Amino acid sequence: MLEANRYRKFRVWGIPINKGIILALALTVLGSSKQLRAEDLESVLRAPARYNQKRVSLTGVLVGDRSFLELFRNASDAKEDDERKCARLVVPDKWQQSAPYDMRLARAVGIVDAGKRGDRDYPFELKLENLVVLSGPVVPWQNSVMVLYNDTQAAVLLRVGVAPTQTELLIPPKKHDGFLSLELEYSTVVQVMTSNRKPIFENKINVGPQTRYYDAKNGACYFRIRDKKIERVSPAIAANWGWKR
């Protein structure tokens, strides 16, 4: 008995093709919704439902870092900080940030989710797949960062300001960290404690453009924590810490 032909041919528009080709064509059509499309961010912001669940490439200005990231159309919108003019970027759990993001031009690739709008009621969220930083900072920094290096042998807990706006930060030994706070633009007291909140000492320090050793390029002031004191250091010394904004 003759064996049945597993690749029975069909004719489409007069062209003989087999089942394998038909399957490939079907998969191509079904997968077209995930094809990458370079879009203007303003167009997606204006009509997010039109792009819902589509894979897009968007270019704009980033605000924030890995834990909270927004994409604005341009530097002017980023400075204005209007949530109606930006997309919320949702990064995967194991995302590795390889470079500073804040106030930099970037190209973001991901899936548009018009059904999720985030805490600030964004026009849409973008489930991020890839992010490429295209520039350095595009505008002067509007706020100051306090960067502190723990030059002691134990972790220290820092407290800046008073409740309810106080900020706390735990820094391991021989490590650094930086943060913004409502209190940082004028003279303020920094309390230094052990990791279990036992007071060690406190210092009053100044942060901002009018202070000594202010780093205008990064909008930052640098401090080193030593036994019983916090000392201000120059940007040249702090450069060895590896901190970047």
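The chain is numbered in sequence order, starting from 1. All values reported here derive from a predicted model rather than from experimental measurement.
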| said: Under the rule for side-chain hydrogen bond (donor to acceptor under 3.5 Å, both in side chains), what residues qualify as partners of D65, not counting sequence neighbours? | reply: S67
| query | Backbone N or O of A220 within a donor-acceptor pair of the N218 side chain at under 3.5 Å? | reply | no
| query | Can you hop from M146 to Y213 via hydrophobic side chains spaced under 4.5 Å? | reply | no
| request: Could you tell me whether the side chain of I200 reaches within less than 4.5 Å of the side chain of T194, counting heavy atoms only? | output: yes
| task | Ignoring hydrogens and angles, tell me if any N or O in the side chain of D151 forms a donor-acceptor pair with the backbone of R224 under 3.5 Å. | result | no
| query | Could you give the distance from OH (Y51) to CG (L45), rounded to the nearest 0.5 Å? | reply | 10.0 Å
| query | So, D82 and R84, do they make that salt bridge, N to O below 4.0 Å? | reply | yes
Please list, one pair per line, the donor and acceptor atoms closer than 3.5 Å that link side chains of residues 129-139 to other protein atoms, with sequence neighbours excluded.
residue, atom, partner, partner atom, Å
E129, OE1, R55, NE, 2.6
E129, OE1, R55, NH2, 3.3
S135, OG, L105, N, 3.1

| request: Go through the structure and list residues passing side chain to side chain contact (heavy atoms under 4.5 Å, CB included) with T211, not counting sequence neighbours. | output: N206, Y214, C221, R232
| Salt-bridged, R197 to E168, with N to O below 4.0 Å? | yes
| request: Please answer: with hydrophobic residues joined when any side-chain heavy atoms are less than 4.5 Å apart, are V90 and Y101 in the same cluster? | output: no
| request: Measure the CD-NZ distance between E202 and K228 for me, rounded to the nearest 0.5 Å. | output: 11.5 Å
| field | Carboxylate-amine/guanidinium contact R88 E70, below 4.0 Å | value | no
| task | Tell me, with the steps shown, if V56 and L126 meet side chain to side chain contact (heavy atoms under 4.5 Å, CB included). | result | CA-CA 9 Å; V56 299; L126 186 73; 3.9 Å; yes
| query | Would you find a donor on one side and an acceptor on the other, under 3.5 Å apart, between the side chain of N150 and the backbone of P172? | reply | yes
| Spatial distance of atom OG (S195) from atom CD1 (I171) [nearest 0.5 Å] | 13.0 Å
| request: Decide yes or no for V156 and L170: does some side-chain heavy atom of the first lie under 4.5 Å from some side-chain heavy atom of the second? | output: no
| Judged by atom type as modelled, is there a donor-acceptor pair below 3.5 Å linking the side chain of D102 to the main-chain atoms of G64? | yes
| query | CG of L148 to CH2 of W243: how many Å apart, nearest 0.5 Å? | reply | 11.0 Å
| field | Residue pair L58, D40: steps toward the side chain to side chain contact (heavy atoms under 4.5 Å, CB included) verdict | value | CA-CA 6 Å; L58 304 173; D40 177 62; over 6 Å; no
| task | Could you list the residues that satisfy side chain to side chain contact (heavy atoms under 4.5 Å, CB included) with D77, not counting sequence neighbours? | result | F72, R73, N74, E80, K85
| request: Examine distances only and state if a side-chain atom of N52 and a backbone atom of A114 form a donor-acceptor pair shorter than 3.5 Å. | output: yes
| What is the ring orientation for Y149 with H176, classed by angle as parallel under 30°, tilted 30 to 60°, or perpendicular over 60°? | parallel
| Considering residues at least two apart in sequence or located in another chain, which fulfil the side-chain hydrogen bond (donor to acceptor under 3.5 Å, both in side chains) criterion with D177? | none
| Do you know the tightest heavy-atom contact between S144 and V207? | CB-CG1, 3.8 Å
| For D227, all residues meeting salt bridge (Lys or Arg N to Asp or Glu O under 4.0 Å), sequence neighbours excluded | none
